[in-house]
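Below is one structure, written out as C-alpha cells; the observations come after it.
The model shown is predicted, which means the values in this text are computed figures rather than measured ones.
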There are 2 protein chains.
Amino acid sequence: MARAAGVAPSTASLAFSGAGPVSEDAKARVLAAAAELGYGGPDPRARSLRRGRSGVIGVVMDERLSDAFRDPVNVLTLDGIAEVAGEAGASLLLVRSPLDDERGTGPIVDAPMDAVVLVGCNVRIDPAVAVLRRRQIPVVAIEADEIEGAVPIHLDNREASRRAAAFLRDLGHTAVTVVTLPLDGSRRRGLVDPAREAEGVAHTTLERLRGVRGVYGDAPAVEAAGSSVEEGRIAGQSLFAGAAPGAAIPTAVVAQSDLLAVGVISAALDAGLRVPEDVSVVGFDGITVDDSLLHRSPIRQLTTLVQPFEQKGRAAARAALAMLEGGEPHPAAFRSELRIGDTTGPARS
Amino acid sequence: MARAAGVAPSTASLAFSGAGPVSEDAKARVLAAAAELGYGGPDPRARSLRRGRSGVIGVVMDERLSDAFRDPVNVLTLDGIAEVAGEAGASLLLVRSPLDDERGTGPIVDAPMDAVVLVGCNVRIDPAVAVLRRRQIPVVAIEADEIEGAVPIHLDNREASRRAAAFLRDLGHTAVTVVTLPLDGSRRRGLVDPAREAEGVAHTTLERLRGVRGVYGDAPAVEAAGSSVEEGRIAGQSLFAGAAPGAAIPTAVVAQSDLLAVGVISAALDAGLRVPEDVSVVGFDGITVDDSLLHRSPIRQLTTLVQPFEQKGRAAARAALAMLEGGEPHPAAFRSELRIGDTTGPARS
DNA sequence: CTGAAAGCGCTTACAG
DNA sequence: CTGAAAGCGCTTACAG
C-alpha cells in the first residue's frame, strides 16, 4: 500500500496514526492509495506485537455467562470496568473461568490480554493468578482473599455486615438468620453447618457471614445456590414454611444480596407474615430491584447495605491500567453504607 | 529460552505446542528451561501475527453493557455464542457500539478480532459493517435487516407475531394494543404515530409490529424505552390508568417481550383488571421471568412466543467460525412457537 | 527428530 | 518532512 502511494512504509504508518510530521500531500496520497486498494488500516495483530500491547483487558468470571450476567452486581461492576477501559481505548475480553481445565489451555493461558480483572470469583483463583503471573500479566482481584501478585479492590463486607447486624440488635432482634450467597461453585442449598462453612471458599460470602457472627455469634445460616429472587424465595420458604413445624421463625433475616432479600420477603408474605412487623429483612448491594413485589406491596425500599459497584469497577480498571503503564500497584477499598428502608423494624415481642 | 535449553527456537515452539515430533529429551529440556527462566509460554501477540488469527470473536452491542445485560435475551444469546466459541478455543471481545464515534477509532476499527457477531443492535449498523468489511473481518448479524456483507441469523419475528395476533383474533379480541420494544436508541416512550414509526430502525421491533398489523391493521402501539418489567408497567399504566379517562381499554395486549408482558400484567392488576378475564396479554421470548408477580398471583405461565435464543447464539458463533475457516456463508433462520399459558382468554363481552 | 531461514505487518528510533 | 533499518516473538515449510 505504501508502495502504491509512493512513500515508505514508515511514512504511511505515520500518516495513518497521525502521530508524526507528514506533509499534507503525502498523507493524501496514502489515504487515496488505501481507499484504492481497500486497505482497512493497520493490522492490530502486528501493531500489538510491535508495541507489546494489545489494548485488551481480560475480565475473568467463574460462572457461565448467563449466570454471571443474571446478577446485576456483576453487570454493574463490569459496566464500571467498561467505562474506564473504554476511555483508555481498551476493550474487554470475557474469560469464563480461572482455568478452563487442567490441560493448561484456555484463554487464561493464551488469550492476548494486557491485564486481567478478576470479578466475582467464588472459586480458588490461585492457579489462574499463577499462570497470569508467569505471563507477566497484571492481575486485579475484586473482593478476593489476599493473593500474592494480585492488586486487591476491597469492600468492607465484614464490617458492613457487622453494622447491619448491630442495627438489628438495637431494634431488639435476637433470632437472626443469615441467607448467604454461595460458599463455592457447587450450587448447593441449605443450612450451613460448620463442616460446610469450613469448606467455603467464596470470600465475599464468608466475610459477610463473619460480620453478622460478630454480633450474633450463633446465627444460623442458610445457603442459596445463587443470587436471585427465586433463590431468596427458596431459602425464605425453608425458614418460614419449613419442614420443622415447631421450629422458631427468625424475627430478622440478613440476606447477603438484595435479590435474595426480595425473595425472602416474598416467601415471608406468602407464609402470611408481615414485613417488617413480623420479620425484618436486610439486604446487601443497594441495587434497583425490578420486581413487582416492590410495586404491589407497601414496601418501597429495602433496608440494605449500599455498595459502590461502579466505583469498584472503575477502580479495578484504573488499577489494571496503572499496572500496564508500569506504575505502582493501585489497590483500593470501598465502604458500604447502611440505608434504612421500610423492611426493618423493632422485633416482635 | 530456546538457547538456554540448547535447542532451536523452532524445536522449542514444537515442544510447547505439542504439534510436531520432538524427542522426550528435547521437550524435557525446553520445559525445564522455561520453568527456570519463568517463561510463560508463547506470546499470543506474536502467534496471532504469524498465524493471521487472534482467536477472538467480537460481540457488538449498541447499548451500555449494564443495559444490554439487563435483558436476558441478550444474555442468553451471548451464552450460546460463548458456548460454541469456547469449544473452538475462541474468546469473546465485548464491543460497545457499532462505531464509538465518527473519528474512526474504537474497537471496531482497531481491536484484534477474527470475526464479529452483531447482537441486538437497534441502530444503523451499516457503517460498522462497512468498516469491518474493509478490515476483511467476517460479520454475522442476529436479527438485523439484510446487510450486504453480513451473514444473517434470522428469527420469524413477523410471522410469529402474526400467529399470536391470529390467536387473539380467534379468541374474539378486537381491541388489541401492541407494547413495543424501542424503535431506536433514543429511549423514547409513548404512542407510536406514523411519523415515529417511519423513523424506527430497530429491525426486531418493526418486524414484530408488522406481524400484528397483518391481523389488526390499525392496532395502536405504545413504545417502551427498553425491555424490562418496569418499562412494561409504565406502558401498561398508560393503557389502563391512562390520562384519557373515557378512552377504551384494550381487551388484549401484545407485548414484544416477556419482561414487558409481566410489567403490563402488573399494571393491569394494579388498575383492578383481571388477567385474562378483563385483558389478555401475550409476550415474546419464552424466558423464565424471575418476578414475584408470577409467584403471588394465580398466573403460572405467560402466553408467549418461545424463541430459541441459545440456538441462535450458537448458530451465530458457528457461522462466524465457518467464515473464519474460509467456508461458505452459513446463514440460519429460527422459528418461534406460540406457547399458550394462562394470560390469555376469550375477549370480555 | 532437529535446525536455519523466512516472514507475518507493523512502529520506532535514527539518519538524512 | 521522509526513508532505510531493525526488530517485536512467533510458526511453518523445508532441508538435513
Side-chain angles (χ1 to χ4, degrees), chain A residues 1-34 37-56 89 104-105 107 109-114 134-137 324 326, chain B residues 1-34 37-56 89 104-105 107 109-114 134-137 324 326:
Chain A
M1 188 276 284
R3 200 166 47 233
V7 300
S10 47
T11 304
S13 175
L14 295 177
F16 257 95
S17 70
V22 180
S23 69
E24 284 304 318
D25 178 52
K27 183 183 278 186
R29 286 215 311 283
V30 168
L31 265 30
L37 275 68
Y39 175 77
D43 183 329
R45 287 178 289 248
R47 189 216 301 260
S48 72
L49 174 58
R50 173 63 229 233
R51 295 225 247 231
R53 292 275 189 81
S54 55
V56 171
T105 61
V109 175
D110 56 25
M113 302 182 289
D114 292 341
R134 221 171 317 133
R135 288 183 62 187
Q136 312 218 51
I137 296 178
L324 259 183
Chain B
M1 187 277 282
R3 200 166 47 234
V7 299
S10 47
T11 304
S13 175
L14 295 177
F16 258 95
S17 69
V22 180
S23 68
E24 284 305 318
D25 178 52
K27 183 183 277 186
R29 287 214 310 283
V30 168
L31 264 31
L37 276 67
Y39 174 77
D43 182 329
R45 288 178 287 249
R47 189 216 302 260
S48 73
L49 173 59
R50 173 63 228 236
R51 295 224 247 232
R53 292 275 188 79
S54 56
V56 171
T105 62
V109 175
D110 57 25
M113 301 183 289
D114 293 340
R134 220 171 318 133
R135 286 185 63 187
Q136 312 218 51
I137 296 178
L324 258 183

Checklist entry - For DNA chain C, whose closest nucleotide is more 5', that of L49(B) or that of A8(B)? => result A8(B)
Item to check | Residues R50(A) and D43(A) bridged, charged N to O under 4.0 Å | outcome: no
Checklist entry - Under a 3.5 Å cut-off for both distances, is dA15(D) Watson-Crick or wobble paired, and to whom? => result dT2(C)
Item to check | From CZ (R47(B)) to OG (S13(B)), nearest 0.5 Å | outcome: 8.0 Å
Next on the checklist: Using 0.5 Å steps for rounding, measure from the CG atom of D110(B) to the OG atom of S54(A).
Outcome noted: 11.5 Å
Checklist outcome for this item: In whole angstroms, the gap separating C1' of dG9(D) from CD of Q136(A) amounts to 14 Å
Find every protein N or O atom lying less than 3.5 Å from an N or O atom of nucleotides 11-13 of chain C, and list the pairs.
from, atom 1, to, atom 2, distance (Å)
dT11(C), OP1, R47(A), NH1, 3.4
dT11(C), OP2, S13(A), OG, 2.5
dT11(C), O2, R50(A), NH1, 2.2
dT12(C), OP1, R51(A), NH1, 3.4
dT12(C), O4', R50(A), NH2, 2.9

Next on the checklist: Measure CZ/R3(B) against C1'/dT2(C) and give the value in whole Å, please.
Outcome noted: 18 Å
Item to check | Side-chain donor/acceptor of R29(B) to backbone N/O of A5(B), under 3.5 Å | outcome: yes
Next on the checklist: Rounding to an integer number of Å, can you tell me how far E24(A) CD sits from dC1(D) C1'?
Outcome noted: 12 Å
Item to check | Rounded interatomic separation in angstrom, taking CG from D43(B) and P from dC8(D) | outcome: 11 Å
Checklist outcome for this item: When rounded to the nearest 0.5 Å, the distance separating NZ of K27(B) from CZ of F16(B) is 11.0 Å
Checklist entry - Atom CG of D25(B) to atom P of dT2(C): distance rounded to whole Å? => result 7 Å
Item to check | Residues D114(A), R51(A): salt bridge by 4.0 Å N-O rule | outcome: no
